[in-house]
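Read the structure below first, then the notes.
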Amino acid sequence: MAPKRTKNKAPSADPQGMFAGMVVFLIENSVQSRRLQIWKQKLEQMGAKIETHLSKKVSHVFAMSSDALFHHVDKDQLARFKGVGTPTSSLPYSPPDLNKDITEIFGKLINIYRALGDDRRSFSYYKAIAVVEKLPFKIESADQVKNLPGIGKSLQDHIQEIVTTGKLSKLEHFETDEKVRTISLFGEVWGIGPATALKFYEKGHRALDDLKSDNSLTNVQKLGLKYFDDIKTRIPRNEVQEMESLLQKVAEDIVSGVVVVCGGSYRRGKASCGDLDIIITHPDGKSHKGFLQKYVKRLKEMKLLREDLIFSTHSEEGTDQGVDTYFGLCTYPGRELRHRIDFKVYPRDIYAFGLIAWTGNDVLNRRLRLLAESKGYRLDDTGLFPATHGSGSKRGARGTTSLKLETEKEVFDFLGFPWLETYERNL
DNA sequence: AGGCTGTACTG
DNA sequence: CAGTAC
DNA sequence: GCCT
DNA sequence: TCATG
DNA sequence: CATGA
């Protein structure tokens, strides 16, 4: 390339650069801040202008992943860029998506084993999917996966059968088995797990209607049954957003300064959510006490909260440092469709741990807790504690206080876990 | 052989 | 304590 | 089911 | 921390 | 992304 007077010394903007005239908005997801800087300087060298906000002037948007892109730019904003001659087409750093035949089958097995109560085995398939998904090629023989982590003899055989016959007889068998199908169905009801599902099956029940007339149903199971379809209905992201701000207003109205955040899959940037996870605290470290009861009462009055599933209040005026919890059903203002909603109220000093735990996802939580354990700590949603191992005080010992980490970042750093933005936590 | 995240409520 | 849920 |  | 290949 | 200044 004929470099016309390579000015390596002063990386000044080159008005003739190939990116001349571009106004760029960089989505910093902090994946590799190192790499980000490189992009910045490269772009500026090539004549582009970096914009710190997504203003009207922006002509191009860069993101490390589609997830990151979606988190920062909503549909309307995105529409402006569609079709325009941008490098957007080269952006979707989307994983190959190859071997979908295998991961789809494993996905079904995950649900089946979970329904049967075999969580461990279920998780093995979960881990296997993560491994297979990342392969840059289409598997054609079991030999290609025999040395991959999380894939042992049994899963090799599964893969072999899938790539040669296109299906898995084991799954076919499960899917036609009335017992498995029935237990899986019953297990989808909130409050019914593997054991209860099996019990109902052995009683002769085969359909949800059979359950409605069973007198051994608990209260929450009755609710789970009554609103079975409602609860399964996913909530569009924009509706969650509206409910979050509504919940924030109502909370502020009760105690000024209270912090209300919607966690869960919403905070992880998903386009739709199965439920609402609301995490609450107060900066002054004490005003959170007794808040939840007033809050729930108020939300019921305005018909946002409709039915209760679990309501435990641990922090009523006392030296108690507990976490108040509410699980229930709610409706979007003006509608009747029930959604699952959870509230967790944390004292300010352990808020970060609650935030991490209730933002998830579950895989990340497991990894963080395992990592903590490997470093001699015990991590949960209420804090990070020096391991009370074998000898010494029992677990119930409430004298042990959590290490003081104020933010999620501090917790990640302390554990030596690479920082993940909320929308990067869909592991 | 035994772990696989760790905690809390309901009944 | 078993079962369930997060 | 996989891993140690 | 920045620049290079 | 590893490497070097």
Side-chain angles (χ1 to χ4, degrees), chain A residues 6-11 31-42 44-45 106 109-110 112-131 148-159 170 186-199 216-221 223-224 231 263-265 274-279 308-314 322-328 340-344 353-354 356-374 377-385 387 395-396:
Chain A
T6 343
K7 294 179 183 176
N8 281 337
K9 238 180 186 172
V31 172
Q32 298 280 306
S33 59
R34 182 77 197 84
R35 191 162 174 181
L36 187 67
Q37 297 171 191
I38 297 171
W39 285 15
K40 275 187 182 172
Q41 69 189 41
K42 215 69 174 182
E44 284 182 332
Q45 273 181 38
F106 283 6
L109 287 174
I110 288 174
I112 289 171
Y113 280 120
R114 183 175 299 156
L116 296 178
D118 194 343
D119 281 358
R120 315 299 180 169
R121 184 164 279 131
S122 171
F123 194 56
S124 282
Y125 286 95
Y126 194 109
K127 283 184 290 189
I129 285 186
V131 172
L148 294 179
I151 299 189
K153 178 71 173 63
S154 187
L155 291 195
Q156 279 176 48
D157 292 346
H158 290 179
I159 289 175
K170 178 177 188 163
F186 291 174
E188 289 182 51
V189 178
W190 204 90
I192 296 182
T196 311
L198 175 60
K199 190 188 70 186
S216 69
L217 283 177
T218 66
N219 281 338
V220 299
Q221 288 167 347
L223 288 171
I231 292 173
S265 56
D275 63 10
L276 295 146
D277 294 308
I278 310 298
I279 309 145
D308 304 331
L309 295 174
I310 286 178
F311 194 178
S312 76
T313 166
H314 206 211
V323 178
D324 290 346
T325 302
Y326 176 91
F327 290 175
R340 281 277 298 101
I341 187 166
D342 301 341
F343 293 102
K344 300 286 287 187
F353 300 103
I356 288 176
W358 291 86
T359 295
N361 61 9
D362 58 343
V363 176
L364 174 60
N365 282 337
R366 290 181 175 199
R367 284 171 59 173
L368 288 175
R369 289 168 187 191
L370 247 8
L371 179 58
E373 189 192 0
S374 75
Y377 294 90
R378 183 174 56 83
L379 173 70
D380 63 38
D381 73 318
T382 67
L384 181 61
F385 313 84
R395 283 260 202 100

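Smallest separation of non-hydrogen atoms from Gly224(A) and Ile231(A): CA-CD1, 4.3 Å.
Within the 4.0 angstrom heavy-atom criterion, no nucleotide atom of any strand lies near Lys344(A). Counting non-hydrogen atoms under 4.0 angstrom, Leu368(A) reaches nothing in the nucleic acid. Residue-level contact check: Asp362(A) touches neither bases nor backbone, having no heavy atom under 4.0 Å from any strand. In this structure, Asp380(A) reaches the sugar-phosphate backbone alone: every heavy-atom distance under 4.0 Å involves primed, P, OP1 or OP2 atoms, never a base. Within the 4.0 angstrom heavy-atom criterion, only backbone atoms of the sugar-phosphate kind lie near Val189(A); the bases stay farther away. Asp119(A) comes within 4.0 angstrom of nothing in the nucleic acid, heavy atoms only.
With dC6(C), dT4(C), dT5(B) as the candidates, the nucleotide lying closest to the side chain of Arg369(A) is dT5(B). Distance from the side chain of Asp277(A) is smallest to dC6(C) among dG6(B), dC2(D), dC6(C). Counting only heavy atoms from C-beta on, Glu373(A) has its side chain closest to dC4(B) among dC6(C), dC2(D), dC4(B). When distances are taken from the side chain of Ser124(A) to each of dT4(C), dC6(C), dC2(D), the shortest belongs to dC2(D). Of all nucleotides listed (dC2(D), dC6(C), dC4(B)), dC6(C) comes nearest to the side chain of Trp190(A).
Atom CZ in Arg367(A) sits about 18 Å away from atom C1' in dG3(B), given to the nearest Å. Following rounding to the nearest Å, Glu188(A) (CD) and dT4(C) (C1') show an atom-to-atom distance of 16 Å. Here dC2(D) presents its P atom at 12 Å from CG of Asp118(A), a figure rounded to the nearest Å. One interatomic measurement links the two molecules: CG of Asp308(A) to P of dA5(C), which rounds to 17 Å at whole-angstrom precision. We find that CG of Asp275(A) is positioned 7 Å from P of dC6(C), with the value rounded to whole Å. Separating the CZ atom of Phe123(A) from the C1' atom of dG6(B) is a distance of 14 Å, rounded to the nearest angstrom. At whole-Å resolution of the value, OH in Tyr326(A) and P in dC6(C) are 14 Å apart. Across the protein-nucleic acid pair, Phe385(A) atom CZ and dT5(B) atom C1' stand 14 Å apart, rounded to whole Å.
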Taking N or O atoms only and anything under 3.5 Å, show me the protein contacts with nucleotides 9-11 of chain B, one pair per line.
{"unit_1": "dC9(B)", "atom_1": "OP1", "unit_2": "Ser312(A)", "atom_2": "OG", "d": "3.3"}

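dT5(B) and dC3(D): their P atoms are spaced 15 Å apart (whole Å).
At the phosphate of dC6(C), OP1 or OP2 sits under 4.0 Å from a side-chain N or O atom of Arg340(A). When the side-chain nitrogen and oxygen atoms of Arg120(A) are compared with OP1 and OP2 of dC4(B), none of them lie within a distance under 4.0 Å. One finds no side-chain N or O of Arg121(A) lying less than 4.0 angstrom from the OP1 or OP2 phosphate oxygen of dG3(B).
The existence of a salt bridge linking Arg366(A) and Asp362(A) is excluded, since no basic side-chain nitrogen approaches an acidic carboxylate oxygen closer than 4.0 Å.
Using a 4.5 Å heavy-atom threshold, the side chains of Leu116(A) and Ile112(A) count as touching. Counting heavy atoms from C-beta on, the side chains of Val220(A) and Trp190(A) come closer than 4.5 Å. Looking at heavy atoms from C-beta onward, Ile341(A) lies in side-chain contact with Phe343(A) at the 4.5 angstrom threshold. With a 4.5 Å cut-off on side-chain heavy atoms, Ile129(A) and Ile110(A) count as touching.
Taking Phe327(A) as the reference, nothing meets the ring-ring contact (aromatic ring centres under 6.0 Å, His included) condition, with sequence neighbours excluded. For Asp119(A), the side-chain contact (heavy atoms from CB on, under 4.5 Å) criterion is met by Arg114(A), not counting sequence neighbours.
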